[in-house]
Amino acid sequence: MDRVIEFSTNHPLLIASLLAVLAALVANEYLNYRRSRQAIDATDATRLYNQDAAVFIDVRNENAFQASHLPGAVNIPMAYIDQRQDRLKRFKQRTLVVYCDNGQRTLKAIQALEGLGWSDVRQLRGGINAWREASLPTEGRG
């Protein structure tokens, strides 16, 4: 134990680096936990949509949305969530399933929507790419 204390006092930058890495690992695990708690797969998203309980929200840009999107999806690009929330008012009592290309940007959109008052917001795990891999239908030009 004395050697650990001696090492720590002789190498404070190494100890600080170790603590920073450990903090980053804990933060990453926490974020992964939050993502998985709110994430649903394509099968669950389809079930919610077919029961008329969910609305798909595409947070990609308008060109990507026009090229291909989930059936009945509403396009609200990530940059405009605050300004275009009025387009979602009629879905206040329904589950919102948010997606992008691969699921990386949706956590920020979920946080924004929850901050604006939506209580049941989910992430489509893997985004539209996972939807296509499951051979589910899309709409659009592509």
Side-chain angles (χ1 to χ4, degrees), residues 1 3-5 7-142:
M1 185 68 174
R3 296 190 78 192
V4 172
I5 295 171
F7 180 84
S8 299
T9 57
N10 290 334
H11 304 286
L13 288 177
L14 286 175
I15 298 302
S17 298
L18 173 65
L19 294 175
V21 168
L22 288 175
L25 287 172
V26 168
N28 186 49
E29 289 301 314
Y30 174 72
L31 289 175
N32 284 338
Y33 167 74
R34 284 194 57 198
R35 282 187 194 116
S36 66
R37 184 173 50 101
Q38 296 172 322
I40 59 174
D41 62 11
T43 304
D44 290 334
T46 303
R47 182 180 47 76
L48 284 172
Y49 179 79
N50 287 338
Q51 293 172 348
D52 204 29
V55 177
F56 296 130
I57 308 298
D58 189 325
V59 295
R60 300 174 302 150
N61 66 44
E62 293 177 21
N63 289 335
F65 178 79
Q66 292 299 326
S68 178
H69 56 271
L70 274 57
V74 176
N75 181 229
I76 306 211
M78 187 64 219
Y80 302 109
I81 285 185
D82 292 338
Q83 295 92 355
R84 296 187 184 170
Q85 64 174 310
D86 57 317
R87 293 180 62 194
L88 299 175
K89 293 242 188 263
R90 60 188 167 136
F91 306 120
K92 197 74 168 173
Q93 303 305 318
R94 293 170 66 184
T95 300
L96 301 181
V97 179
V98 180
Y99 72 94
C100 62
D101 287 319
N102 55 18
Q104 295 298 313
R105 294 176 283 174
T106 55
L107 187 58
K108 187 175 179 180
I110 288 170
Q111 291 171 339
L113 289 166
E114 287 175 341
L116 293 170
W118 273 265
S119 59
D120 192 7
V121 185
R122 310 286 178 89
Q123 172 191 25
L124 177 60
R125 184 180 297 122
I128 195 169
N129 292 340
W131 184 270
R132 288 183 188 126
E133 287 174 10
S135 300
L136 293 167
T138 59
E139 296 175 346
R141 295 188 312 248

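Since the structure is predicted, the reported quantities are computational estimates derived from the model, not experimental observations. Numbers for residues simply follow the sequence, beginning at 1.
- Summarising the geometry of Cys100 relative to Thr106, their closest heavy-atom pair is N-CG2, 3.6 Å, with the distance given to 0.1 Å.
- Distance alone, capped at 3.5 Å, places no donor-acceptor pair between the Trp118 side chain and the Gln93 backbone.
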Using a 3.5 Å cut-off and no angle test, enumerate the donor-acceptor pairs between side-chain atoms of residues 50-57 and protein atoms at least two apart in sequence or in another chain.
from: Asn50; atom 1: ND2; to: Thr46; atom 2: O; distance (Å): 3.4
from: Asp52; atom 1: OD1; to: Arg94; atom 2: NH2; distance (Å): 3.1

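- Closest non-hydrogen pair, Ala45 versus Trp131, comes out as CB-CZ3, 4.3 Å.
- In terms of heavy atoms, Ser68 sits closest to Asp58 at O-OD2, 4.4 Å.
- Of the listed residues (Asp120, Leu96, Ile76), just one forms a side chain to side chain contact (heavy atoms under 4.5 Å, CB included) with Leu113, and that residue is Leu96.
- Panel note: side chain Asn129, backbone Asp101; a donor-acceptor pair is recorded below 3.5 Å.
- Note that the CD1 atom of Ile110 and the CZ atom of Arg105 stand 13.0 Å from one another [nearest 0.5 Å].
- The shortest heavy-atom contact between Ala109 and Val59 is CB-CG1, 3.8 Å.
- Across all their heavy atoms, Pro71 and Pro137 have their closest contact at CD-O, 3.4 Å.
- Summarising the geometry, atom CD1 belonging to Ile5 is positioned 12.0 Å from atom CG belonging to Asn10; distances are rounded to the nearest 0.5 Å.
- A tilted orientation is assigned to the rings of Phe7 and His11, their planes being inclined by 30° to 60°.
- The stretch residues 68-86 participates, sequence neighbours left out, in these salt bridge (Lys or Arg N to Asp or Glu O under 4.0 Å) pairs: Glu62-Arg84.
- Minimum heavy-atom separation, Asn61 to Asn75: O-ND2, 4.2 Å.
- Of the options Arg122, Arg125, His69, a side chain to side chain contact (heavy atoms under 4.5 Å, CB included) to Tyr99 is made by His69 and by none of the others.
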